[in-house]
Structure formats: C-alpha cells, structure tokens
Peer 1: 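First the structure, then my questions, so here it is.
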Amino acid sequence: MTERTEAATENPVPDLPPELEIEFMGRGMWVRLPTPEQLLVWKRTLTQLQSAEVKGWNAEQVMAALERTRKIIDSILVHPVDVDWLDDQMLERKIDLTGTAEIINKTVEAFAEAAEAERAENGTRSERRAAKKTTKKAARKAPTKKAAR
C-alpha cells in the first residue's frame with residue numbers, strides 16, 4: 001500500500017479525527033465513521049428486514065440480515081469491550097437491534113458536527129486552497145528593493 005492509500009484507509013474524510021466518542025445508553029463509546037458502503041448496506045438491510053414477512057423470508061434469511069447489521073455496528077466500535085457490552089445488553093433484553101440503530105445515528109451526527117466545526121474553524125478545502133494561491137500571488141507581486149528606488 002502506498003502512503004496515500006494508507007492515510008485514506010486510516011481516515012476516509014480529511015481533517016476529521018479517525019475516532020470520536022459518543023454516548024449511548026449512558027456509556028461513552030469510541031467509534032469510527034462508517035463508510036458510505038456500510039451505510040448503504042445498513043439502510044438496505046433494514047428496509048429488507050421490514051418487509052421480510054411479506055417476502056416470505058425464512059428464519060435463516062432473517063438471521064443473516066440481523067447478523068449483517070450487527071457486523072456493521074461492531075465494525076464502527078473501536079474497543080472490543082464495547083462490542084461485548086452491547087452483546088450483554090442485547091442478551092439482557094435491554095436493547096434490540098432497532099435500538100442499536102441509535103449508535104449509527106449518533107456516530108454519523110458526531111462526525112457531521114466535527115466536520116462542521118472543522119469547516120467553521122479552517123474553511124473548506126477549496127477556500128484554503130484559494131487563500132494559499134492569493135498569498136503566493138501577493139508574495140510574487142510584492143515590490144523588490146531595486147524596483148522601489
């Protein structure tokens with residue numbers, strides 16, 4: 001892998017931290033930003049689960065879809081202890097799969113807020129590039145000592 005590819009894999013959105021903390025059911029959890037593909041599969045799978053009975057899905061198909069959604073949630077959780085904690089909450093019937101959707105929602109919201117804060121503080125990438133170009137042009141056009149005489 002090249003340096004650029006590794007950096008892109010590490011943090012898919014430039015200028016954002018690779019991990020953020022969210023609060024879920026009174027617990028602080030560190031999460032990664034889900035990829036667009038993960039969000040697409042998440043949404044598609046939940047939509048399919050809602051119509052599973054109409055489609056005539058058997059138990060095996062429903063379990064495969066449930067496993068896929070849980071795999072997505074587990075992949076964004078940074079610490080394995082949070083995965084175990086979530087397992088325990090589900091086993092104790094304190095939360096079901098639809099309740100875990102809040103993890104995805106809070107994660108996306110946290111990264112959106114971080115991106116907005118970054119933009120407010122530093123501007124957009126195109127704004128930063130334009131400012132850099134303006135500075136370079138001004139430096140080139142600055143009068144030299146010989147020209148001032």
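Side chains are part of it too, since the values below use all heavy atoms of this structure and drop only hydrogens, waters and symmetry mates. Residue numbers start at 1 and run along the sequence shown.
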Peer 1: Identify every side-chain donor-acceptor pair in residues 70-81 under 3.5 Å, counting partners at least two apart or on other chains, and give the distances.
Peer 2:
unit_1 : atom_1 : unit_2 : atom_2 : d
R70    : NE     : D74    : OD1    : 2.7
R70    : NH1    : D87    : OD1    : 2.9
R70    : NH2    : D74    : OD1    : 3.2
R70    : NH2    : V83    : O      : 3.2
R70    : NH2    : D87    : OD1    : 2.7
S75    : OG     : Q38    : NE2    : 2.6
S75    : OG     : I72    : O      : 2.7

Peer 1: Indicate yes or no: does E109 engage K106 in a salt bridge with an N to O separation below 4.0 Å.
Peer 2: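 No.
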
Peer 1: Looking at every heavy atom in both P34 and T107, which two are closest together, and how far apart are they?
Peer 2: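 Nearest pair, atom of P34 first, then T107: CD-CG2, 3.6 Å.
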
Peer 1: The test is side-chain contact (heavy atoms from CB on, under 4.5 Å); show your working for W85 and M90 and say whether it passes.
Peer 2: CA-CA 9 Å; W85 175 84; M90 291 178 86; over 6 Å; no

Peer 1: Please list all pairs passing the side-chain hydrogen bond (donor to acceptor under 3.5 Å, both in side chains) test where one or both residues lie in residues 48-61, with sequence neighbours left out.
Peer 2: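 For residues 48-61: none.
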
Peer 1: About how many Å separate CZ of R68 and CG of L49, when rounded to the nearest 0.5 Å?
Peer 2: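 The distance works out to 9.0 Å.
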
Peer 1: What residue pairs, at least two apart or across chains, pass side-chain hydrogen bond (donor to acceptor under 3.5 Å, both in side chains) with a residue in residues 19-34?
Peer 2: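 side-chain hydrogen bond (donor to acceptor under 3.5 Å, both in side chains) check on residues 19-34 returns R27-D82.
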
Peer 1: Rounded to the nearest 0.5 Å, what's the gap from CG on L39 to CD1 on I104? Could you check?
Peer 2: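 So the CG of L39 and the CD1 of I104 are separated by 6.5 Å.
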
Peer 1: Could you please spell out the steps behind the side-chain contact (heavy atoms from CB on, under 4.5 Å) verdict for L40 and T35?
Peer 2: CA-CA 9 Å; L40 175 67; T35 65; over 6 Å; no

Peer 1: For E116 and E113, run side-chain contact (heavy atoms from CB on, under 4.5 Å): C-alpha distance rounded to whole Å, both residues' side-chain angles, the deciding distance at 0.1 Å, then the answer.
Peer 2: CA-CA 5 Å; E116 186 58 37; E113 288 171 7; 5.6 Å; no

Peer 1: Hey, is the main chain of W42 close enough, under 3.5 Å, to the side chain of T45 for a donor-acceptor pair?
Peer 2: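 Checking the backbone N and O of W42 against the side chain of T45, no donor-acceptor pair under 3.5 Å is found.
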
Peer 1: Would the number of heavy atoms belonging to other residues, nucleotides or ligands and lying under 6.0 Å from CD of E67 be above 12?
Peer 2: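 Atom CD in E67 is not packed in, count stays at 12 or less.
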
Peer 1: Give the minimum heavy-atom separation between F24 and L86, together with the two atoms involved.
Peer 2: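 Of all heavy-atom pairs spanning F24 and L86, the closest is CE2-CD1, 4.1 Å.
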
Peer 1: If you count heavy atoms of other groups shown closer than 6.0 angstrom to CE of M63, is the number above 12?
Peer 2: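 No, the 6.0 Å shell around CE holds no more than 12 heavy atoms from other groups.
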
